[in-house]
There are 2 protein chains.
Amino acid sequence: MSPRRPASQDLTLEMILQAAQNQFLENDYSHVSMRSIAKELGCSHGALYHHFKNKAELFYAIVEQDFRKLDLLTNQTLLEDGTKKKKLSLIFLRFIQFGLDNQSSYEIMFMYRSEEVNSLAKEVAYLSYKNFADTVGSLCEGHIRIKDIWSTFLSLHGFVSHYCGYPRVDSFADVKEVAEAHVEFLLKIYES
Amino acid sequence: MSPRRPASQDLTLEMILQAAQNQFLENDYSHVSMRSIAKELGCSHGALYHHFKNKAELFYAIVEQDFRKLDLLTNQTLLEDGTKKKKLSLIFLRFIQFGLDNQSSYEIMFMYRSEEVNSLAKEVAYLSYKNFADTVGSLCEGHIRIKDIWSTFLSLHGFVSHYCGYPRVDSFADVKEVAEAHVEFLLKIYES
DNA sequence: AAATAAATTGACCATTGGTTAGTTAATGAT
DNA sequence: ATCATTAACTAACCAATGGTCAATTTATTT
């Protein structure tokens with residue numbers, strides 16, 4: 001009655017994600033093709049479609065892990081030593097750092113408009129923003145409006161999305177000073 | 001000795017730009033193809049390459065006009081009646097409005113990384129930013145640092161780039177209230 | 001009329017994401 | 001052990017893309 005179970009899998013989900021991840025470090029979404037991944041794995045590109053519905057879903061699987069990493073980064077900062085202002089500043093700065101040290105991922109997480117996986121994508125992105133907003137909110141205790149947290153996020157996003165993929169900006173280190181100035185700029189609002 | 005002069009041109013530069021412009025209102029850069037433009041013009045897509053080096057240059061020609069429109073918007077606002085704060089607020093708001101009412105253009109102007117035309121693109125974009133920064137600076141008279149103007153721009157850019165291409169956001173009208181809140185948020189910094 | 005060269009076509013190329021008929025091979029039931 | 005089932009995979013195929021180019025048309029200068 002029962003059909004055969006899982007069975008042999010020469011090509012595992014992990015292997016595919018790993019190969020995609022590899023190429024994702026060097027090239028962005030549009031420059032990593034299903035064929036280039038298949039080539040690295042030594043299989044036909046059609047085989048990938050047995051494991052993922054389409055290209056968008058494959059890359060979204062990668063990106064889901066990154067959302068968790070980002071959340072963790074924020075939550076850990078909240079628990080560190082230091083004044084509330086210092087923590088706030090670090091949360092903002094680390095958001096920028098995350099974005100610029102994971103540019104390909106950031107692009108899909110917050111910039112790419114997928115069409116195919118948008119319902120899933122938006123859900124996860126929303127939860128991650130909520131985590132950010134709750135954390136920031138808890139460090140302000142009513143001194144700040146919900147609207148302003150959203151504006152802060154958009155301002156950080158503006159920084160990252162501008163420098164993301166910008167020539168000669170390969171990592172956070174390349175824009176550290178400007179990033180610190182931007183965070184300082186945003187913190188002025190939290191002082192008033 | 002001298003070869004024939006300009007000659008008849010069944011296909012003018014203006015006609016091509018107009019056709020591209022038309023489709024650009026409905027679809028973004030990646031969804032307007034050289035072939036779809038040629039189809040609208042009733043010519044072969046190869047003909048377009050006689051007038052433009054490549055797709056990027058064709059669209060960049062459109063976008064150059066938009067940079068001037070944006071500059072004009074800023075400069076005209078400076079000359080209107082009202083307090084400096086009111087003018088500042090209007091400049092910010094109209095930047096957002098421009099971005100969301102010309103989403104396809106905004107995408108190329110400030111979001112798209114072209115590779116082919118980057119040297120031209122960056123030059124024009126820089127001049128447009130300079131116009132913005134000078135205008136904002138003149139409304140503050142030393143109360144604000146150059147760094148902060150850049151941060152302000154990035155924050156506005158964050159707003160636009162987030163809502164640009166977002167589902168159900170077809171124009172500025174769809175996000176007017178949030179935009180006003182964002183501008184108000186930014187203005188707090190100018191008060192301190 | 002001939003020569004010239006701008007303007008345009010249309011066939012072609014490589015690449016892309018995606019589909020699918022057909023094959024291979026592992027498993028469960030007999 | 002055999003057979004049926006089905007997951008896993010291949011390879012050929014499709015339509016669309018940006019781009020190139022030899023060949024052709026067409027207008028203009030001489």
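Here the structure is a predicted model, which is why all the values come from computation and not from measurement. Heavy-atom basis, side chains included; hydrogens, waters and symmetry copies ignored. Lettering follows sequence order; numbering is per chain, from 1.
Screening residues 15-42 of chain A for salt bridge (charged side-chain N to carboxylate O under 4.0 Å, His left out) gives no qualifying pairs among residues at least two apart or on separate chains. For residues 69-89 of chain A, there are no ring pair (Phe, Tyr, Trp, His ring centres under 6.0 Å) pairs, not counting sequence neighbours. Counting only residues at least two apart or in different chains, salt bridge (charged side-chain N to carboxylate O under 4.0 Å, His left out) contacts with residues 68-77 of chain A comprise Asp66(A)-Lys69(A).
Under a cut-off of 6.0 angstrom, the local environment of CD1 in Ile146(B) is sparse, with at most 12 non-hydrogen atoms contributed by other residues, nucleotides or ligands.
For Phe153(B), the ring-ring contact (aromatic ring centres under 6.0 Å, His included) partners at least two apart in sequence or on another chain are Phe95(B), Phe110(B), Tyr129(B), Phe132(B), Trp150(B). Annotation: side-chain hydrogen bond (donor to acceptor under 3.5 Å, both in side chains) contacts of Ser89(B) (sequence neighbours excluded): none.
With DNA chain D read from its 5' end, the first of the two nearest nucleotides for His50(A) and Ser36(B) is the one closest to His50(A).
Tyr49(B) has its OH atom 13 Å from the P atom of dC21(D), to the nearest Å. As rounded to whole Å, 10 Å separates atom P of dC9(D) from atom CG of Leu41(A). Following rounding to the nearest Å, Lys55(A) (NZ) and dG18(C) (P) show an atom-to-atom distance of 8 Å. Between the OH atom of Tyr60(A) and the C1' atom of dG17(C) there is a distance of 21 Å, given to the nearest Å.
OP1 or OP2 of dT15(C) has not a single side-chain nitrogen or oxygen of His31(A) nearer than 4.0 Å.
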Can you check nucleotides 10-13 of chain D for protein contacts, nitrogen or oxygen pairs under 3.5 Å, and list what you find?
| unit_1 | atom_1 | unit_2 | atom_2 | d |
| --- | --- | --- | --- | --- |
| dT10(D) | OP2 | Ser44(A) | N | 3.1 |
| dT10(D) | OP2 | Ser44(A) | OG | 3.1 |

